[in-house]
Amino acid sequence: MATDVKSKKDVEEKKEPGWKDLPIGGLIEKPGTSEAYKTGDWRTQRPVWDSEKCINCLICWIYCPDSAVIVEDGKVKGIDLDHCKGCGICAQECPPKCKAYTMVNESEFRGK
Amino acid sequence: MANLKELSKKGKTLASGHRACAGCTFPIILRQVLAAADTPLVCGSATGCMEVTTTIFPYTSWKTPFIHSAFENAAATISGVEAAYSSLTRQGKYDKEVKFITFGGDGGTYDIGLQSLSGAMERGHNMLYVCYNNEAYMNTGIQRSSATPKGAETTTTPIGKARQGKQQYKKDLTAIMVAHNIPYVAQAAPSHWNDLITKVQKALAVDGPAFINVLMPCRLGWSFQPQYGMQMARDAVNSCYWPLYEVENGVYKINSKPKEKLPIAEFLKKQTKFRHMFKPGNEDKLADLQAEVDRRWEALLKREAMG
């Protein structure tokens, strides 16, 4: 919801921090801030994970370049679609006997 | 021996949201290396894909203190940090155990950073240097490096009438590091995650410098579909193009001996940078590369037999 702009000050207060507000030396003071950057929109193919077929070998987890396989208590819980770039390594490396991943074109999910 | 269920309890060692290509294999190497450590780490990195994609201000994918230095001084920088740490420890001003790892691409390790790496190893700092070796300057647009194999097409060794691809064999940096007589030197690949993690744990446990050379298939520079990164690394190991071995205090041990050696052509034909090798009239180039791979593998077997 847009707020009413009454004076110039209302706009100026919403400005991005200037260079004087930056930490000295361009330090990044918090760890792992890239979590806030979503790389999921790079994806052209989406890995669809089947919990029925999964044997929780965690091969997909160790090979995922984007730390996008969610694992809790040693079990796969799903895919972090905000960050998954859809490379398909998980589907490729999933053991042939279970094949818990299928790669589906992202266009199939459009509008859903 | 690493156990994936145990490792997964450490959570995300590298944050998501870094800007590496889809299917890039350096984040896989990085996640495995960081997961291997049980103590707090201080990491450094030379300029390269790893630094450029994980530390775009104001974002960082690192969860350890991280220092970026120039192409040529990644090893010197982290050796200075290690020296400061050991000084503080000696003075009794700091008592926690911290390990030091620095990363460099093949450009920053084989070529530009070789002098600082050699110096840091010779001075005997208690640190680990991990080279993620994608065999060319991929970050700047695929120029040849001294890690590029013979015959590979890069933008500085193009395919033409007079010359086709790089004319020289690749440098054996792992052997150069062995010649420094440091406690631990190894070659690894991310496809063999258990081997890589075990090697990192060994390297961090030794008192003194350690070096691990990790093959990193580059989906852009080697030109393959993004899902095949681990398959490429596996083929490199199975064809003995990239032998997995370690040298502990001068004693060689080969960690993976393929029962049936994959012909080098099987590994090369999946990469567009070698497509000219399969054209009629270039059979001798392929045979030449196979002979060089065989020669290096036989030499390695002999070194292992010598103990």
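Note on naming: letters A, B, ... go to the chains in the order of the sequence lines (proteins, then strands), and numbering restarts at 1 for each one.
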Whatever's closer than 4.5 Å to a heavy atom in chain A on B:R19 counts as both
Interface residue of largest heavy-atom contact number with chain A, from B:G17, B:A15, B:G23, B:P58, under 4.5 Å
B:G17
Would the distance check show the side chain of A:R43 and the main-chain N or O of A:L81 forming a donor-acceptor pair, the cut-off being under 3.5 Å?
yes
I'd like to verify something: which residue of B:Q225, B:K9, B:K12 has the highest number of heavy-atom pairs under 4.5 Å with chain A?
B:K12
Given 3.5 Å as the limit, does a donor-acceptor pair link the side chain of B:Q32 with the main chain of B:P190, or not?
yes
Can a donor-acceptor pair be found, under 3.5 Å and without considering hydrogens, that links the side chain of B:S239 to the backbone of B:A236?
yes
So which part of B:I197 gets closer than 4.5 Å to some heavy atom of chain A, the side chain, the backbone, both or neither?
side chain
Options B:S191, B:C21, B:G229, B:G11, ranked by heavy-atom pairs under 4.5 Å with chain A, top entry
B:S191
I need the full list of salt bridge (Lys or Arg N to Asp or Glu O under 4.0 Å) pairs touching residues 31-56 of chain B, with sequence neighbours left out, sorted by first then second residue.
B:K10-B:D38
For the residue pair B:F71 and B:Y137, categorise the inter-ring angle as parallel (less than 30°), tilted (30 to 60°) or perpendicular (more than 60°).
perpendicular
What residue, out of B:M230, B:Q231, B:E6, has the most heavy-atom pairs lying under 4.5 Å from chain A?
B:M230
Only one of B:W62, B:F26, B:Y132 forms a ring-ring contact (aromatic ring centres under 6.0 Å, His included) with B:F103, so which one is it?
B:W62
Listed by residue number, which members of residues 51-64 of chain A have a heavy atom under 4.5 Å from any heavy atom of chain B?
A:N56, A:C57, A:L58, A:I59, A:W61, A:I62, A:Y63, A:C64
Given the options A:D73, A:D82, A:L27, A:I28, which has more heavy-atom pairs under 4.5 Å with chain B than any of the others?
A:I28
Looking at A:A36, A:P65, A:G40, which makes the most heavy-atom pairs under 4.5 Å with chain B?
A:P65
Ignoring hydrogens and angles, tell me if any N or O in the side chain of A:D21 forms a donor-acceptor pair with the backbone of A:G18 under 3.5 Å.
yes
All side chain to side chain contact (heavy atoms under 4.5 Å, CB included) counterparts of A:H83, not counting sequence neighbours:
A:E35, A:K38, A:T39, A:D80, B:S16
Okay, side chain of A:K77, backbone of A:E72: is any donor-acceptor separation there less than 3.5 Å?
no
Residue selection (most heavy-atom pairs with chain A, distance under 4.5 Å) from B:A35, B:C24, B:A22, B:P65:
B:A22
Mind ranking B:T25, B:I56, B:L7 by heavy-atom pairs under 4.5 Å with chain A and telling me who comes out on top?
B:L7
Mind jotting down which residue pairs meet the salt bridge (Lys or Arg N to Asp or Glu O under 4.0 Å) criterion with at least one end in residues 63-75 of chain B? Sequence neighbours excluded, please.
none
